[in-house]
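Contents: one structure, followed by commentary.
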Amino acid sequence: MAKFVWTEEYSVGIPSIDEQHRHFFDIANRVTDLAEKENVSREELTTNLGELGNYAFYHFSTEEGYFSKFNYEGAAIHISAHNNYRRQMEDYLGRVRGENDLKSLAVVVANFSGNWLLGHILEMDKKYTVFFQESGIN
């Protein structure tokens, strides 16, 4: 599986958020590494999924806090996208408990998370760049 590589194309021009996105990429890539292993243990997958989900929730709360603080006009649709990711991660965590083919589930999670993040940054996060910068967020 290909790694998810951060490039300047994904920069939203706010260093603190760019750093969070880089870290999000790193965690998604750890799940990719796990998916490439011959045998994936339930514990490894649960741990990695938990880390991925927890970090996503932390990052989303950062953005959503700014949305609220500065009354960002696009907040509702953006939060809806975050909520879809949250629900999907909860689904994956539920599935890992009863899944027999953990390697396949790890591949699905890695692909979903990395691709979701890439698309979300380019399609959603880039829309708040100017607003956040004008609001003094850095």
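What you see is a predicted model; the values in this text were computed from it and never measured. Side-chain atoms are counted along with the backbone in the values below, which use heavy atoms only and exclude waters and symmetry mates.
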Problem set entry | Residues that Phe131 engages under ring pair (Phe, Tyr, Trp, His ring centres under 6.0 Å), provided they are two or more places apart | Tyr72

Exercise. Under the side-chain hydrogen bond (donor to acceptor under 3.5 Å, both in side chains) test, which residues partner Lys127, sequence neighbours left out?
Worked result: none

Problem set entry | Close side-chain approach of Asp125 to His21, heavy-atom, < 4.5 Å | yes

Exercise. Residues in ring pair (Phe, Tyr, Trp, His ring centres under 6.0 Å) with His120, at least two apart?
Worked result: His78, His82, Trp116

Exercise. Which heavy-atom pair separates Leu93 from Gly50 by the least distance, and what is that distance?
Worked result: CD2-N, 4.1 Å

For this session: Identify, with sequence neighbours excluded, every residue that meets salt bridge (Lys or Arg N to Asp or Glu O under 4.0 Å) alongside Glu44.
Result: Lys37

Exercise. Would you say Arg97's side chain and Thr46's backbone share a donor-acceptor pair under 3.5 angstrom?
Worked result: no

Exercise. Is Gln20 close to Phe24 at the side-chain level, that is, under 4.5 Å between some pair of heavy atoms?
Worked result: no

For this session: Applying side chain to side chain contact (heavy atoms under 4.5 Å, CB included), run through Asn111 and Val107 and close with a yes or a no.
Result: CA-CA 6 Å; Asn111 282 323; Val107 169; 3.6 Å; yes

For this session: Side-chain contact test, heavy atoms from C-beta onward, threshold under 4.5 Å: evaluate it for Tyr92 versus Val108 and give yes or no.
Result: yes

Exercise. Heavy atoms, side chains only, cut-off 4.5 Å: are Asp91 and Arg87 in contact?
Worked result: no

Donor-acceptor contacts under 3.5 Å from residues 3-10 side chains, at least two apart:
from, atom 1, to, atom 2, distance (Å)
Lys3, NZ, Asp33, OD1, 2.3
Lys3, NZ, Asp33, OD2, 3.1
Thr7, OG1, Glu9, N, 3.4

For this session: For Asn39, check side-chain hydrogen bond (donor to acceptor under 3.5 Å, both in side chains) against everything at least two apart and list the hits.
Result: none

Problem set entry | Test item: Tyr128 and Ile14 side chains (from C-beta on) under 4.5 Å apart, heavy atoms | yes

Seminar exercise, completed: In terms of heavy-atom contacts, Thr32 and Ala2 come closest through CG2-O, 4.0 Å

Seminar exercise, completed: Sorted by chain and residue number, the salt bridge (Lys or Arg N to Asp or Glu O under 4.0 Å) partners of Glu123 (sequence neighbours excluded) come out as none

Exercise. Quick one: are Leu105 and Asp101 in side-chain contact, heavy atoms under 4.5 Å?
Worked result: no

Problem set entry | Residues clustered with Phe57, ILVMFWY side-chain links under 4.5 angstrom | none

Exercise. By salt bridge (Lys or Arg N to Asp or Glu O under 4.0 Å), which residues pair with Lys103, not counting sequence neighbours?
Worked result: none

Exercise. Is Tyr58 reachable from Leu49 through a run of hydrophobic residues whose side-chain heavy atoms are each under 4.5 Å from the next?
Worked result: yes

Problem set entry | salt bridge (Lys or Arg N to Asp or Glu O under 4.0 Å) contacts touching residues 53-74 (sequence neighbours left out) | Glu64-Arg86

Exercise. Any side-chain heavy atom of Ile77 within less than 4.5 Å of one from Met124?
Worked result: yes

Exercise. Are any of the side-chain heavy atoms of Asp26 and Tyr55 separated by less than 4.5 Å?
Worked result: no

Problem set entry | Residue pair Val40 / Leu34: nearest heavy atoms and the distance that separates them | CG2-O, 3.4 Å

For this session: State, to 0.1 Å, how close Lys126 and Val12 come at their nearest heavy-atom pair, and which atoms those are.
Result: N-CG1, 4.3 Å

For this session: Give a yes or no on whether a salt bridge exists between Arg22 and Glu19, defined as a side-chain N under 4.0 angstrom from a carboxylate O.
Result: yes

For this session: Apply ring pair (Phe, Tyr, Trp, His ring centres under 6.0 Å) to Phe60 and Tyr85, showing your working.
Result: CA-CA 10 Å; Phe60 296 162; Tyr85 184 89; 5.6 Å; yes

For this session: Could you tell me the separation between the OG atom of Ser113 and the CD atom of Gln88, rounded to the nearest 0.5 Å?
Result: 8.5 Å

Exercise. How would you list, by chain and number, every residue that makes a side-chain hydrogen bond (donor to acceptor under 3.5 Å, both in side chains) with Ser61, sequence neighbours excluded?
Worked result: none

Exercise. Roughly how far, to the nearest 0.5 Å, is the CZ atom of Phe67 from the OG1 atom of Thr62?
Worked result: 10.5 Å

Exercise. How many angstroms lie between atom CG of Leu102 and atom CG of Asn100, to the nearest 0.5 angstrom?
Worked result: 7.5 Å

Problem set entry | By side-chain hydrogen bond (donor to acceptor under 3.5 Å, both in side chains) - contacts of Ser135 (at least two apart) | none

Seminar exercise, completed: Residues Gly13 and Ser11: closest non-hydrogen pair is N-OG, 3.1 Å

Exercise. Between Thr47 (side chain) and Glu43 (backbone), is there a donor-acceptor pair under 3.5 Å?
Worked result: yes

For this session: List the atom of Val31, the atom of Ala106, and the distance in Å for their closest heavy-atom pair.
Result: CG1-O, 3.8 Å

